[in-house]
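Let me begin by presenting the structure, written as structure tokens, before commenting on it.
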Amino acid sequence: MVEPSLVLYGALYQRAMDVLQEALQETGARYALFIDRKGFVLAHKEALWAPKPPPLDSLATLVAGNAAATQALAKLLGEARFQEVVHQGERMGLYVDEAGEAALLVLVFDENAPLGKVKLHGKRAAEALARIAEEALANPPKLNLDTQYREEAKALLDELLGN
Amino acid sequence: MSTINFANREINFKIVYYGPGLSGKTTNLKWIYSKIPEGRKGEMVSLATEDERTLFFDFLPLDLGEVKGFKTRFHLYTVPGQVFYNASRKLILRGVDGIVFVADSAPNRLRANAESMRNMRENLAEYGLKVEDLPVVLQVNKRDLPEALPVEMVQAVVDPEGRFPVFEAVATEGKGVFETLKEVSRLVLARVGTT
């Protein structure tokens, strides 16, 4: 089947932001992202004290690619899935967990955030986000973009790429 | 299939450059990256082998600007062309909104062009998609080769029904690169709100 678009809107978006905020507080992580499996950022939060984040587009794209490869690896080994992925360097770490079929939770943390806490609260946050993603997919809002949008976008294309 | 973030007022589209190995997919993205002004592009990510063959994908985010209050963005990807990287190619096609098929004009790559198109059709089918359902642009690259095949011959093996818009290119010199990107972007935008 054609993959449906995951669109966050209004109260659902706010709920996702609340989940990300709580995950940051509970884990001590720097950045929390809710991304779709295609690699687009749906929502993100940064800890108040955290420095400027890395490019989120690139981060989300690489995480989604990595998650897809991890899922393919699981299947090769006869598993339905490997649910979480943790990368830990000397100073920085990355925690990725499935938020249902269509989305992922990403937590970027440093050496001050205990991995146990990141995993425990990360798992809870991912479960909450999975429910939000499910609701978003069940009730997609109507995108009210019309001919005017398409015309204006085409004009910008001319400006960026030439006539 | 675009990803819409209402809260941030963003619409994101995924465009994938597909084609046989060494046909010039990465060269297209490198040219675009070198010519798009700062502030309108993100960081280019290349997952390549030591000899610069694409291993997993290349990625380049482009900002079109704001349209009716929505920031509109294109995420450009390439797939690895070598035949044994099919698992990667399949993964990259997930959620694709538009495709640029980069064909090679060299006579000894005619068969590789045809096989790559067949492979793309098979991989799309795994996501429930048909080539006919998507905006696809055919770029016939390496037109500067002295022994370059006629465009019609390349087209005959990858798109015998002549369904896709065709652009001739020399990606190393940037010829046809923006024209191809513009056409696929235009076709992708034309579907917004209609599907």
Side-chain angles (χ1 to χ4, degrees), chain A residues 1-10 12-14 16-17 35-44 54-62 64-69 71-73 75-76 102 140-163, chain B residues 1-8 10-14 32 35-37 40 42-45 47 56-57 59-70 72-75 77 87-88 90-92 94-97 127-129 133 177-179 181-182 185-186 188-195:
Chain A
M1 61 168 264
V2 176
E3 191 163 10
S5 287
L6 185 52
V7 183
L8 280 192
Y9 185 52
L12 275 182
Y13 177 79
Q14 195 48 54
M17 290 295 271
I35 69 173
D36 70 11
R37 297 270 189 172
K38 292 178 262 179
F40 293 118
V41 179
L42 299 167
H44 70 95
L56 296 182
D57 283 336
S58 302
L59 189 70
T61 296
L62 288 167
N66 199 23
Q71 203 173 25
L73 278 172
K75 282 190 179 147
L76 278 179
K142 178 87 183 100
L143 181 62
N144 195 21
L145 294 174
D146 50 14
T147 317
Q148 195 191 343
Y149 173 86
R150 295 193 285 273
E151 290 306 316
E152 286 183 25
K154 273 194 264 178
L156 283 178
L157 263 182
D158 288 340
E159 183 211 314
L160 184 64
L161 302 177
N163 281 308
Chain B
M1 285 190 302
S2 51
T3 294
I4 301 135
N5 187 330
F6 269 102
N8 290 348
E10 280 181 7
I11 303 181
N12 293 295
F13 301 100
K14 180 172 183 176
I32 294 164
K35 295 297 173 193
I36 294 286
R40 305 292 290 273
E43 198 168 291
M44 181 162 167
V45 174
L47 303 185
F56 198 167
F57 59 80
F59 165 67
L60 174 60
L62 289 187
D63 278 350
L64 186 60
E66 203 169 291
V67 189
K68 286 193 82 179
F70 279 89
T72 300
R73 318 175 79 200
F74 292 98
H75 285 199
Y77 288 75
S88 305
K90 201 157 61 185
L91 296 177
I92 306 307
R94 183 171 190 166
V96 65
D97 293 300
Y127 293 111
L129 292 169
D133 301 332
V177 171
F178 273 16
E179 290 84 347
L181 173 60
K182 197 173 154 188
S185 306
R186 205 182 58 75
V188 166
L189 286 168
R191 287 158 49 102
V192 173
T194 62
T195 54

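Please read these numbers as outputs of a predicted model, since none were measured by experiment. Below, chain A is the first sequence line, B the second, and so on; all start at residue 1.
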> Taking only residues two or more places apart in sequence or in another chain, which ones pass side chain to side chain contact (heavy atoms under 4.5 Å, CB included) with B/Asp63?
Replying inline: B/Lys71, B/Arg73

>> So, using side chain to side chain contact (heavy atoms under 4.5 Å, CB included) as the criterion, who are the partners of A/Ala72 when residues are at least two apart?
In response: none

Which heavy atom in [X] sits nearest to a heavy atom in [Y], and how many Å separate them?
X: B/Phe56; Y: A/Gly65; value: CZ-O, 3.5 Å
X: A/Lys38; Y: B/Lys14; value: O-NZ, 4.0 Å
X: A/Ala153; Y: B/Leu64; value: O-CD2, 3.7 Å
X: A/Leu157; Y: B/Lys182; value: CD1-O, 3.9 Å
X: B/Ala190; Y: A/Arg150; value: O-CD, 3.4 Å

> Looking at B/Arg186, B/Arg40, B/Met44, which has the largest count of heavy-atom pairs under 4.5 Å with chain A?
Replying inline: B/Arg40

So which part of [X] gets closer than 4.5 Å to some heavy atom of chain A, the side chain, the backbone, both or neither?
X: B/Leu91; result: side chain
X: B/Ile32; result: neither
X: B/Glu66; result: backbone

Interface moiety of [X] toward chain B, non-hydrogen atoms closer than 4.5 Å:
X: A/Leu8; result: backbone
X: A/Ala64; result: neither
X: A/Tyr13; result: side chain
X: A/Asp57; result: both
X: A/Gln14; result: neither

> Do the ring planes of A/Tyr149 and B/Phe70 sit parallel (below 30°), tilted (30 to 60°) or perpendicular (above 60°)?
Replying inline: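 It falls in the perpendicular class, over 60°.
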
> Hey, does A/Leu156 have a side-chain heavy atom less than 4.5 Å from the side chain of B/Thr72?
Replying inline: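 Answer no - side chains too far apart.
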
>> Working to the nearest 0.5 angstrom, can you tell me the gap between A/Leu59 CG and B/Glu43 CD?
In response: 10.5 Å

>> Rounded to the nearest 0.5 Å, what separates atom NZ in B/Lys68 from atom CD in A/Glu152?
In response: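 Output value for this atom pair is 7.0 Å.
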
>> Between A/Ala43, A/Gly10, A/Ala68, A/Gly39, who has the most heavy-atom pairs with chain B when the cutoff is under 4.5 Å?
In response: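 Answer, by heavy-atom pair count under 4.5 Å with chain B: A/Ala68.
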
> Stepwise, does the side chain to side chain contact (heavy atoms under 4.5 Å, CB included) test hold for B/Val45 with A/Thr61?
Replying inline: CA-CA 9 Å; B/Val45 174; A/Thr61 296; over 6 Å; no

> B/Leu47 and A/Leu62: side chain to side chain contact (heavy atoms under 4.5 Å, CB included), yes or no, with the steps?
Replying inline: CA-CA 10 Å; B/Leu47 303 185; A/Leu62 288 167; 3.8 Å; yes

